[in-house]
**Student:** 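Here's a structure for you.
Just so you know, these numbers use all the heavy atoms, side chains as well, and skip hydrogens, waters and symmetry mates.
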Amino acid sequence: MRLDGKVVVVTGGTRGVGAGLAKAFTEAGADVVVCARRPPEVPLAAGQFRPLDLRDPEAVRVFFAALPRLDVLVNNAGGTPYRRLTDVDAERHARVIELNLVAPLTASLAAYEHLRRVRGSVVMIGSVSGGRPSPGSAAYGAAKAGLESLARSMAVEWAPEVRVNTLVVGMVRTERSSLHYGGEDGIVGVSRTVPLGRLAEPADVGAAAVFLASDAAAYISGASLLVHGGGERPAFLDAATVNNGQQGGMT
């Protein structure tokens, strides 16, 4: 799948999944612009960097208005620290929702006219946290659930000129994996919980995003593509004292 000559903006693309997205789009022939609040700690392997605070609506509007063209917007910026609900006040949780839900809406609205003119597309980077309980990151999970719902509504409102889809991403191995899962032993242990036996690589997410942005997905809009290695094995299967280790079971 080629995107030669297309202009792609990847928000939060300076490391981890975002850097993998930028690399995948560059390898597909696109001209990639990466934007984030802070410059990358190491030079980008792909794309050009431009500073942007995505929580500043006016700065976002100015940024997109200055682009001569835009074909694809990848709303990747987001994240959260581990934080139980009662650890901080509601205002701190609201900032997580602002970054993970409001900022993608702001960017999408600012990019809309560009995308409408070229019949472009938006790719939201969602999370499996939006579809299951997320203790320690409840506000993040709520924001990602909202992001997926937002994308479905945008896909209807903006059709047929703009396609909008979501990648629902599971656990990804990045330079920060040890902060989430511990050292290599922790990563190996967590990998065993994934049916495909490993964490995703940023390149896996990048390949899926390129697909959704390409002509190969020309009739796909309002969709949620699961990029999670098969999900999670139900805990009750291992806890049960019958049929242990088998895939069947009552629900």
Side-chain angles (χ1 to χ4, degrees), residues 1 10 12 15-25 27-28 74-76 78-82 100 123-149 151-152 164-214 216-217 219-251:
M1 290 169 286
V10 178
R15 65 189 180 199
V17 171
L21 289 162
K23 186 172 185 290
F25 277 100
E27 290 175 346
V74 184
N75 280 310
N76 166 75
T80 184
Y82 181 86
N100 290 280
V123 179
M124 303 290 197
I125 304 301
S127 170
V128 293
S129 294
R132 57 159 169 74
S134 298
S137 57
Y140 174 80
K144 289 300 188 180
L147 187 68
E148 198 172 346
S149 176
R152 288 194 293 268
V164 185
N165 292 291
T166 303
L167 289 182
V168 181
V169 179
M171 297 178 289
V172 184
R173 181 165 188 154
T174 70
E175 63 271 26
R176 296 196 154 200
S177 291
S178 61
L179 298 178
H180 300 286
Y181 313 123
E184 190 60 32
D185 288 346
I187 293 171
V188 170
V190 170
S191 296
R192 293 194 192 101
T193 71
V194 180
L196 288 188
R198 66 174 178 88
L199 304 188
E201 298 292 338
D204 295 316
V205 184
V210 168
F211 163 70
L212 285 180
S214 74
Y219 199 64
I220 299 175
S221 193
S224 297
L225 177 59
L226 298 173
V227 186
H228 63 5
E232 299 175 352
R233 178 177 166 82
F236 81 85
L237 291 176
D238 296 318
T241 57
V242 294
N243 301 322
N244 196 27
Q246 299 182 30
Q247 298 297 316
M250 300 294 290
T251 60

**Student:** What heavy-atom pair brings Phe25 and Val74 nearest, and what distance separates the two atoms?
**Tutor:** CE1-CG2, 3.7 Å
**Student:** Tell me whether Ser214 contacts the main-chain N or O of Met1 through its side chain, where contact means a donor paired with an acceptor under 3.5 Å.
**Tutor:** no
**Student:** Report the residues that fulfil side-chain contact (heavy atoms from CB on, under 4.5 Å) with Pro234, sequence neighbours left out, ordered by chain and then residue number.
**Tutor:** Phe236, Leu237
**Student:** Quick one: pull up CZ in Phe211 and CG in Leu225 and give me the separation to the nearest 0.5 Å.
**Tutor:** 7.0 Å
**Student:** Would you mind listing every side-chain hydrogen bond (donor to acceptor under 3.5 Å, both in side chains) that reaches into residues 189-202, with sequence neighbours excluded?
**Tutor:** Arg198-Asp204
**Student:** Can you check whether Val168 reaches Val227 side chain to side chain, under 4.5 Å on heavy atoms?
**Tutor:** no
**Student:** How many angstroms lie between CG in Leu167 and OG in Ser127, if you round to the nearest 0.5 Å?
**Tutor:** 11.5 Å
**Student:** Only pairs under 3.5 Å count here: list side-chain donor-acceptor contacts from residues 138-148, not counting sequence neighbours, and write none if there are none.
**Tutor:**
unit_1: Lys144; atom_1: NZ; unit_2: Ile125; atom_2: O; d: 2.8
unit_1: Glu148; atom_1: OE2; unit_2: Ser224; atom_2: OG; d: 2.7

**Student:** Does any non-hydrogen side-chain atom of Val123 lie less than 4.5 Å from one of Leu212?
**Tutor:** yes
**Student:** For Val10, does its backbone N or O pair with a side-chain atom of Asn76 as donor and acceptor, under 3.5 Å?
**Tutor:** no
**Student:** Treating Asn165 as the side-chain partner and Met124 as the backbone partner, does any N or O pair qualify as donor plus acceptor under 3.5 Å?
**Tutor:** no
**Student:** In the structure I gave you, are the side-chain heavy atoms of Leu21 and Pro202 within less than 4.5 Å of one another anywhere?
**Tutor:** no
**Student:** Is there a side-chain contact between Val190 and Met171 in this structure, where contact means two heavy atoms from C-beta onward sitting under 4.5 Å apart?
**Tutor:** yes
**Student:** Just verifying a value: how many Å separate His228 NE2 and Leu196 CG, rounded to the nearest 0.5 Å?
**Tutor:** 9.5 Å
**Student:** Measure across Ser129 and Ser134 and return the closest heavy-atom pair with its distance rounded to 0.1 Å.
**Tutor:** O-OG, 3.0 Å
**Student:** Where is the tightest heavy-atom contact between Ala151 and Thr166, given as atom of each residue plus distance?
**Tutor:** CB-OG1, 3.2 Å
